[in-house]
*Asks:* 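I am attaching a structure below and will ask some questions about it afterwards.
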Protein chains: 2
Amino acid sequence: MSVDQAAKRDIPDATVARLPGYLRALGQLTAQDVLSVSSEELAYSAGVSSAKLRKDLSHLGSYGVRGVGYDVAHLTYQISRALGLTHDWPVIIVGMGNLGRALASYGGFATKGFKVVALLDRDPQLVGDRLDDLTIQPMDELADVVTPGEACIGVVATPAASAQDVADLLVTAGVSSILNFAATAIQVPEGVHMRKVDLSTELQILAFHEQQRSGAVSDELLEEIG
Amino acid sequence: MSVDQAAKRDIPDATVARLPGYLRALGQLTAQDVLSVSSEELAYSAGVSSAKLRKDLSHLGSYGVRGVGYDVAHLTYQISRALGLTHDWPVIIVGMGNLGRALASYGGFATKGFKVVALLDRDPQLVGDRLDDLTIQPMDELADVVTPGEACIGVVATPAASAQDVADLLVTAGVSSILNFAATAIQVPEGVHMRKVDLSTELQILAFHEQQRSGAVSDELLEEIG
DNA sequence: GCGACTTTGTGCATTTGTTCACAAGAGCGT
DNA sequence: ACGCTCTTGTGAACAAATGCACAAAGTCGC
Ligand SMILES: NC(=O)c1ccc[n+]([C@@H]2O[C@H](COP(=O)([O-])OP(=O)(O)OC[C@H]3O[C@@H](n4cnc5c(N)ncnc54)[C@H](O)[C@@H]3O)[C@@H](O)[C@H]2O)c1
Ligand SMILES: NC(=O)c1ccc[n+]([C@@H]2O[C@H](COP(=O)([O-])OP(=O)(O)OC[C@H]3O[C@@H](n4cnc5c(N)ncnc54)[C@H](O)[C@@H]3O)[C@@H](O)[C@H]2O)c1
C-alpha cells in the first residue's frame with residue numbers, strides 16, 4: 001500500500017479531467033510509432049501548457065526520464081491505470097432516439113475502455129430493433145442488465161421531460177455513474193456520480209465570448225469618440 | 001458605459017459556464033408559470049449551492065429583491081443579455097454523419113439563441129440531401145455561407161482525422177468560434193474560441209470515480225486485515 | 001409607521017488550481 | 001570520470017473559485 005497507491009487517492013479534479021486528453025494524444029503518438037515524447041510535445045498535442053502537464057503527471061507518480069521525456073507505452077499504461085481503464089466498464093444507453101442511436105453506433109467506446117452492454121427505450125415500436133449486435137430492450141428489463149455488485153455506467157439520451165425519471169430508475173437498478181445528455185439538470189442521491197454533456201450550454205458559452213469581442217470593439221469606438 | 005457595462009466585462013469563466021444552467025432552470029419555471037424564485041430554489045433546480053448562485057448573479061448586477069427573490073422573466077432577460085443571446089447566432093455544422101445529422105435535427109437550437117444556417121459535408125453522396133429545411137452543401141461553398149463581419153459558430157462533427165483540416169477551413173472562412181465533437185484536440189489560432197464536447201472524456205472521468213470507490217473498499221478491507 | 005421576518009449581496013477566509021523558475025537527475029561525448 | 005546539455009519534478013508565489021456568515025434592504029401584518 002505504499003506511497004504509490006496513496007498518491008492515487010488525491011489526484012485533483014482538474015487533473016483527472018485532463019488525463020483523458022493526454023491519453024488520446026498518446027494514442028495518436030502510438031499510432032505514429034513514436035516511442036518517447038517530451039512534456040513540451042505532449043502538452044502541445046493535448047492543448048495545454050507543459051508546466052500543467054508535468055504537474056498533472058507528477059500526481060500519478062514519477063514516470064518520466066529527466067533529459068529524455070516519457071516512454072509513450074508506459075505513460076499510456078500508467079494513465080489508463082490511474083483512470084481505472086485496465087478493464088472495460090459496461091455502459092447502458094437509455095433513449096434510442098436520434099442521439100441515442102448515434103451514440104450506440106459510435107465505435108469509439110471499445111477502444112477507450114468501455115463496452116455498451118444494453119440499449120433501452122420505452123417506445124414499443126423501437127423495442128426489438130437491432131443496432132450493430134445489440135437488441136433494443138424495454139425499460140422493465142433494466143434490472144436484468146445491471147449486474148448487482150458490478151459497477152456500470154448509465155447514459156441518459158431521452159428528452160428532458162423523462163430524464164429525471166430515467167435517472168431515478170437507473171439509480172434504483174444499482175447504476176452509480178450517470179452521463180446525462182438531456183437538456184436538463186437532474187438530481188441524483190449522494191454517492192452517485194453524475195456528469196452532463198450539453199450542446200446548448202457549450203454554444204452559449206461560445207456566444208458569450210463572441211459578444212465580448214464585439215462589445216470590446218464598440219467600446220473602443222465609444223472611447224475614440226470621447 | 002457605466003458600472004453596468006463594466007461589470008459585464010469581467011464575469012469569471014466559472015460563472016459564465018454556469019449561466020446557461022440557470023437560464024435553463026428559469027425556462028422550466030417560466031413554463032410552469034412561476035413568476036418569482038428564491039436563490040435557494042433556483043440553485044436547487046440548477047444543481048448548485050445557493051451561495052454560488054448568488055455570487056454568480058451578483059456579477060451581472062443586482063437584479064434580486066431582498067426578502068423576496070428574483071423575478072423569473074427579468075432574470076431570464078438579464079442572463080440572456082449577459083450571454084449575448086438577445087439575437088440569434090448563426091451556426092454551421094460540418095460533417096453530416098450519424099452525429100451531425102442528430103445535431104442538425106435537434107430542435108433545441110432555435111429556442112436557445114441559435115439558428116443552424118448551413119450543413120456541409122465533403123461526401124458527394126450526401127451533398128444535396130435535405131434535412132428539415134436545409135440542403136447539405138459541398139465544402140467549397142463554405143466561403144459563401146459565412147458572412148464576412150458577422151460572427152458565426154462552426155460545429156465540427158467529422159471523424160477525428162479530418163477535424164483539424166475542417167477547423168482550419170472554418171477559421172480561414174472567418175469563423176471565430178468552434179465547437180468540436182471529434183475525438184481529438186485541435187489547434188486554433190489566437191483569437192478563435194474553441195470548446196470541445198467529448199463522450200469518451202466524460203466516461204473516463206466517471207470511470208475514475210467508480211474505480212476510486214472500489215479502491216476505497218479494498219483499502220478498508222486491507223486495513224481491517226492489518 | 002414599526003417591528004418581525006425573509007432573502008439578497010458581499011467581505012473575508014479557505015480551498016483549489018496555475019504558473020514560474022530552477023535544482024536535481026539522466027544521458028552522452030570525450 | 002567529468003562536464004555539458006537536456007528535461008523532469010516540485011517548492012513557492014500567484015490567481016481563481018468556493019463557502020461562510022452576516023449586515024443591508026426589502027416585504028408584510030398590524
Ligand atoms: N439530438 C441531438 O443532437 C441532441 C443534442 C443535444 C442534446 N440532445 C438531447 O438529447 C436528448 C435526446 O435527443 P434525441 O434527439 O435523441 O431525442 P428523440 O426524441 O429522437 O429520442 C428520445 C428517445 O427517448 C425515448 N424515451 C422517451 N422517454 C423515455 C423514458 N421515460 N424511458 C425510456 N426511453 C424514453 C423515446 O422513445 C425516444 O426514442 C434530448 O433531451 C435532447 O435535448 C440531443
Ligand atoms: N456518433 C457519436 O455518437 C459520437 C459520439 C462522440 C463523438 N463522436 C465523434 O464525432 C465525430 C463524428 O461521428 P459520426 O459518428 O457522425 O461519424 P460518421 O463517420 O458517421 O460521419 C462523419 C461525416 O463527416 C464527413 N467528413 C469526413 N471528412 C470530412 C471533411 N474533411 N470535410 C467535411 N466532411 C467530412 C463524412 O463524409 C461523414 O459524413 C467523430 O469524430 C466521432 O469520434 C461521435
Side-chain angles (χ1 to χ4, degrees), chain A residues 3-4 6-22 25-26 29 34-72 74-76 78-79 82 205 208-209, chain B residues 3-4 6-19 21-22 25-26 29 34-72 74-76 78-79 82 205 208-209 212:
Chain A
V3 189
D4 174 69
K8 267 169 85 173
R9 191 100 352 89
D10 57 353
I11 302 178
D13 284 351
T15 294
V16 172
R18 283 186 294 264
L19 291 178
Y22 304 152
L26 286 167
L29 292 172
V34 176
L35 298 178
S36 174
V37 68
S38 71
S39 62
E40 199 73 47
E41 294 164 322
L42 184 57
Y44 178 80
S45 316
V48 301
S49 74
S50 65
K52 210 185 255 182
L53 172 77
R54 288 202 300 279
K55 177 83 73 177
D56 283 344
L57 295 184
S58 77
H59 288 111
L60 310 188
S62 189
Y63 302 123
V65 179
R66 291 168 194 237
V68 176
Y70 300 88
D71 179 78
V72 173
H74 187 233
L75 188 56
T76 300
Q78 290 297 345
I79 296 180
I205 296 170
F208 171 81
H209 289 115
Chain B
V3 189
D4 176 67
K8 268 170 88 172
R9 192 95 357 86
D10 56 352
I11 303 178
D13 284 351
T15 293
V16 172
R18 282 187 295 264
L19 292 179
Y22 303 152
L26 287 167
L29 292 171
V34 176
L35 297 179
S36 173
V37 67
S38 71
S39 63
E40 198 73 46
E41 295 164 323
L42 183 56
Y44 178 81
S45 317
V48 301
S49 73
S50 65
K52 210 185 255 180
L53 172 77
R54 286 201 301 277
K55 180 85 85 190
D56 283 344
L57 295 185
S58 76
H59 288 111
L60 309 190
S62 190
Y63 301 122
V65 179
R66 293 172 192 228
V68 176
Y70 300 88
D71 179 79
V72 172
H74 187 233
L75 188 57
T76 300
Q78 290 298 344
I79 296 180
I205 296 171
F208 171 82
H209 288 115
Q212 287 287 96

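Protein chains get the first letters and strands the later ones, always in sequence-line order, with residue 1 at the start of each.
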*Asks:* Do the non-hydrogen side-chain atoms of A:Tyr70 and A:Glu41 ever get within less than 4.5 Å of each other?
*Replies:*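 No, their side chains stay 4.5 Å or more apart.
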*Asks:* Give the rounded distance in Å between these two atoms: CZ of B:Arg18 and P of D:dA16.
*Replies:*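 For the pair B:Arg18 CZ and D:dA16 P, the rounded distance is 15 Å.
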*Asks:* Map B:Val37 and A:Ala14 onto DNA chain C by nearest heavy atom, then report which one ends up closer to the 5' terminus.
*Replies:*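 Its nearest nucleotide being more 5', the pick is B:Val37.
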*Asks:* Say you draw a straight line from OG1 of B:Thr76 to CG of B:Leu29; how long is it, rounded to the nearest 0.5 Å?
*Replies:*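 These two atoms lie 8.0 Å from each other.
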*Asks:* Starting at atom CG of B:Asp56, determine the distance to atom P of D:dT18, rounded to an integer number of angstrom.
*Replies:*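 Answer to the nearest Å: 7 Å.
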*Asks:* Taking only nitrogen or oxygen atoms into account, show me every contact under 3.5 Å that the protein makes with nucleotides 12-15 of chain D, one pair per line with its distance.
*Replies:*
| residue | atom | partner | partner atom | Å |
| --- | --- | --- | --- | --- |
| D:dA12 | N6 | A:Lys55 | NZ | 3.3 |

*Asks:* Show the nearest heavy-atom pair for residues B:Lys55 and B:His59, with the distance to one decimal.
*Replies:*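 Heavy-atom minimum between the residues: O-ND1, 3.0 Å.
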*Asks:* So where does chain B start and stop touching DNA chain C, 5' to 3', when the test is distance under 4.0 Å to a non-hydrogen atom?
*Replies:*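 The protein-touched segment is C:dT6 to C:dC12.
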*Asks:* Can you tell me how far C1' of D:dT18 sits from NE2 of B:His59, to the nearest Å?
*Replies:*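 From B:His59 NE2 to D:dT18 C1': 11 Å.
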*Asks:* What is the minimum heavy-atom distance between A:Leu26 and A:Val72, and which atoms define it?
*Replies:*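 Looks like O-CG1, 3.9 Å.
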*Asks:* Just to be sure I understand the geometry, which residues of residues 43-54 of chain B put a non-hydrogen atom under 4.0 Å away from DNA chain D?
*Replies:*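 Heavy-atom cutoff 4.0 Å gives B:Ser49, B:Lys52, B:Arg54.
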*Asks:* Can you tell me how far apart CZ (B:Arg54) and OG (B:Ser38) are? Round to the nearest 0.5 Å.
*Replies:*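 B:Arg54 atom CZ to B:Ser38 atom OG measures 9.0 Å (nearest 0.5 Å).
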*Asks:* Round to a whole Å and report the spacing from CG of A:Leu75 to P of D:dT7.
*Replies:*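 Between P of D:dT7 and CG of A:Leu75: 16 Å.
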*Asks:* Of all the heavy-atom pairs spanning B:Ala82 and B:Leu60, show the shortest one and how long it is.
*Replies:*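 Closest approach of B:Ala82 to B:Leu60: CB-CD2, 3.8 Å.
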*Asks:* Only pairs at least two apart or in different chains count here, so list each salt bridge (charged side-chain N to carboxylate O under 4.0 Å, His left out) that has a residue in residues 43-53 of chain B.
*Replies:*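 Listed by first then second residue: nothing to list.
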*Asks:* To the nearest 0.5 Å, what is the distance between CG on A:Asp10 and CD on B:Gln212?
*Replies:*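 With rounding to 0.5 Å, CG (A:Asp10) is 9.0 Å from CD (B:Gln212).
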*Asks:* Below 4.0 angstrom from OP1 or OP2 of D:dG9, is there any side-chain N or O of A:Ser62?
*Replies:*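 Affirmative; the distance criterion is met.
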*Asks:* For the pair A:Phe208 and B:Ile11, evaluate side chain to side chain contact (heavy atoms under 4.5 Å, CB included) and give the outcome as yes or no after the intermediate values.
*Replies:* CA-CA 10 Å; A:Phe208 171 81; B:Ile11 303 178; 4.0 Å; yes
*Asks:* For the residue pair B:Tyr22 and B:Leu53, establish whether any side-chain heavy-atom pair is separated by less than 4.5 Å.
*Replies:*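 Contact flag for B:Tyr22/B:Leu53 side chains = yes.
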*Asks:* Find the distance A:Glu40:CD to D:dC6:P and express it as a whole number of Å.
*Replies:*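 Rounded to whole Å, this separation is 14 Å.
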*Asks:* For B:Arg18, what residues pass the salt bridge (Lys or Arg N to Asp or Glu O under 4.0 Å) criterion, not counting sequence neighbours?
*Replies:*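 For B:Arg18 the salt bridge (Lys or Arg N to Asp or Glu O under 4.0 Å) partners, ignoring immediate neighbours, are B:Asp56.
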*Asks:* Please examine the side chains of B:Asp13 and A:His209, heavy atoms only from C-beta on, and report whether any two atoms are closer than 4.5 Å.
*Replies:*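 Answer yes - side chains close enough.
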*Asks:* Could you state the atom-to-atom distance from OH of A:Tyr63 to P of D:dT10 in whole Å?
*Replies:*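 Spelled out: OH on A:Tyr63 to P on D:dT10 is 12 Å.
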*Asks:* Generate the contact string for nucleotides 24-30 of chain D. Rules: B means base contact, S means sugar-phosphate contact only, - means no protein heavy atom under 4.0 Å.
*Replies:* BBBS---
*Asks:* If you measure from CG on A:Leu57 to CD1 on A:Ile79, what distance do you get to the nearest 0.5 Å?
*Replies:*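 Nearest 0.5 Å value for the CG-CD1 distance: 5.5 Å.
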